[in-house]
Visitor: 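Sharing a structure, written as C-alpha cells. Questions coming.
Counting starts at 1 for both ligands and their atoms, in listed order. Sequence positions, counted from 1, serve as the residue numbers for this chain.
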Amino acid sequence: MQTKVVKFGGSSLADAQHFRQVADIIHADPTRRFVVSSAPGKRHKSDDKVTDMLYHYYELARNRDSEADKYYARIEERYNGIIRELGMDFDISGELFYVKNAIAHMSGRDYAASRGEYLNGIVLAKYLGFDFIDAENVIFFRDNGTFDEEKTNTILGEELRRHEHAVIPGFYGCMPNGTIKTFSRGGSDITGAIVARAVEADLYENWTDVSGFLMGDPRVLDNPPPIEIITYQELRELSYMGATVLHDESIFPVRYAGIPINIRNTNAPADPGTMIVSSADGYDPKRIITGIAGKKGFSVINIEKDRMNAEIGFGRRVLEILEDNDISFEHLPSGIDTMSIVVASSALEGRRERILHSINRQVRADHVEILDGLCLIAVVGRGMVKAPGTAASIFDAIYEAGINIRMIDQGSSELNIIIGVNDEDYETALNAIFRKFVK
Ligand code: ASP
C-alpha cells in the first residue's frame, strides 16, 4: 500500500470547522497515514496565531506580569473551544495546566512556542483516532543547534514503522540535553518533509489555504494562475526570490529522497493543487515560463579596471574582501573590464566605506562605486530551454513598459533569467512580463 504524509498548516487547523474538513480529507484516503500538525492559526484577519500567543505568554510570565494568567486563559480557550465544538469526550485541561506551569518556570522560549503544535497534535490525534508521537522523542538537533538528519531519520523511521496511523506535531524537536528546540518560523513544513523521508512516503501532501503555488505574487499580479507541476529546482529559484508557500528548508529532505510534494487547499480539497517533482520528464510544461518572482533591496558594487580580463586572480581578490566582511553575493555579472557584484543592501550596512577602500587598495581599480535601489526579477521555467526567443520576449515586455534594465543574468541551465530594474519599477516590470507570457 502507498503511504502519504500529510501536513496541515495553522489556517487548516484554526478552529473546529477546519478540524472537520481535515478529518474528512484524511479519512477519504487510507494511504494518508501520517499527519503533521501545525498550531492553530488565525481564524480571521485580526485573530492571533497560537504560536504568537505562546511567545507573548512566555514574555509575560518571564516578567511576572500580572496579566499573564488572564492571557494564558485565551490560549486555553482556543483548544477548549475546538474540543467543545467538535463534541469530543476529551479533557485537555491537565496538559494545559502543565504547559502553563512549565512555561512559567522557564522551560525556555522554544519550549513555549512548541506547545502550540504539541497540544494541537494531541487534540487532532484523539479526533482522528490516530496514535500520537511526540516530536520530542523522534526529531533531533545537535549541540550546535543544527538539525541532526541521520539520527532523526533512523529513530523516527523505526518509530513510524510501529504505527499504522499517527499524528506528529510539527515545528520542534529535542536537543541532546533534552530541552526543546524549534525550527525557524513556519517550520512544520520541515517536520512534514522529515517524516515523509523517514517513512519513504510516496507523496508528501502539504495542505494549506491556497490551491497550490501561484505563478507569481497575487498582491502584485492580476489573478496569477496556479502552477500545476513545478520541479524542485524551479521552486527553489522562485522561493529564493521571495515567493513563499513552503518553508525553504522543507524541500531538502524530500528532494533528497525523490519524494514529490503536492500543495493542496484544505478549503477546496477537489482542486489538484501544485505538484513539486524532482524531474519533470514526461510532464511537458503548458507554458514557457513556470513562475515569476522578485525581491527589492539590492545594491551593485561596480568595479572598472582597464584590462581586468587579463589580470589573473582579480575576481578572487575582490570576492575575498566580501568574504572577510561576511557578505555573500547574489550575482556576479561581468564584462571585459568590468565586474558587478549584486548583494543585498542590508548586508552592506556599516561596511560600505571599508569595502570600497579595500577594493581600491587590493585591486587598484580605475573606478569603484556602490549603486542602491535595485530589485531583481527572476523569470523561471524549464520550458525556456526549448523555446527560443524567451529572453527577447522578456526584454520586449520591459521595453514596452518604458523601463530601463540595469542588469541581466541568465544561468547556463536556461532555467532562469534574472533581470535587475530600479526598485520603483518592480511592480510594473513584473506585470509587463506576466502579461507577455500569460494571456
Ligand atoms: N506554528 C509555527 C509558526 O507559526 C510553525 C508552523 O506553523 O509551521 O511559525
Visitor: Given Asn120 and Ser37, is the side chain to side chain donor-acceptor pair (under 3.5 Å) satisfied, shown in steps?
Guide: CA-CA 7 Å; Asn120 224 21; Ser37 57; 5.7 Å; no
Visitor: I need the atoms of ligand 1 closer than 4.0 Å to a non-hydrogen atom of Lys49, numbered in the order shown.
Guide: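 That gives atoms 4 (O) of ligand 1.
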Visitor: Measure centre to centre between the rings of Phe298 and Phe329, then say whether the value is under 6.0 Å.
Guide: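 No, the ring of Phe298 stays outside the 6.0 Å limit from the ring of Phe329, centre to centre.
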Visitor: How many angstroms lie between atom CG of Asp110 and atom CD1 of Ile180, to the nearest 0.5 angstrom?
Guide: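 The CG atom of Asp110 sits 9.0 Å away from the CD1 atom of Ile180.
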Visitor: Can you tell me if Gly10 has a non-hydrogen atom under 4.0 Å from ligand 1?
Guide: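 It does not; every heavy atom stays at 4.0 Å or beyond.
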Visitor: Taking the six-membered ring for Trp, is the centroid-to-centroid distance between Phe34 and His165 below 6.0 Å?
Guide: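 No.
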Visitor: Under a 4.5 Å cut-off applied to non-hydrogen side-chain atoms, are Asp15 and Glu85 in contact?
Guide: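 Side chain of Asp15 against side chain of Glu85, heavy atoms only: no contact under 4.5 Å found.
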Visitor: Among all protein non-hydrogen atoms, which one is nearest to atom 7 (O) of ligand 1, and what is the separation to 0.1 Å?
Guide: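 Of every protein heavy atom, Ser38 OG, 3.3 Å lies nearest to atom 7 (O) of ligand 1.
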Visitor: First locate atom CG of Leu214, then atom CG of Asn223, and finally report the distance between them rounded to the nearest 0.5 Å.
Guide: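 These two atoms lie 9.0 Å from each other.
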Visitor: Looking only at protein heavy atoms, which one is nearest to atom 6 (C) of ligand 1, and how far off is it?
Guide: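 The answer is Ser188 OG, 3.4 Å.
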Visitor: Please could you name the atoms of ligand 1 that Glu117 approaches to less than 4.0 Å, counting only its heavy atoms?
Guide: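 Per the distance check, 1 (N), 2 (C), 5 (C), 6 (C), 7 (O).
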Visitor: For ligand 1, is there an atom lying under 4.0 Å from some heavy atom of Gly170?
Guide: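 It does not; every heavy atom stays at 4.0 Å or beyond.
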Visitor: Examine Arg115 relative to Tyr172 and say whether NZ or CZ is less than 6.0 Å from the centre of the six-membered ring and inside a 45° cone about the ring axis.
Guide: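 Yes, Arg115 and Tyr172 form such a contact.
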Visitor: Looking only at distance, does Phe171 have an N or O less than 3.5 Å from an N or O of ligand 1?
Guide: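 Looking only at distances, the answer is no, because the N/O contact criterion of under 3.5 Å is not met.
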Visitor: What protein heavy atom sits nearest atom 4 (O) of ligand 1, and how far away is it?
Guide: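 Answer, as residue, atom name and distance: Arg185 NH2, 2.9 Å.
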Visitor: Measure the distance from atom 1 (N) of ligand 1 to every protein heavy atom, then report the residue, atom name and distance (to 0.1 Å) of the closest one.
Guide: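 Checked against all protein heavy atoms, atom 1 (N) of ligand 1 sits closest to Thr51 OG1, 2.7 Å.
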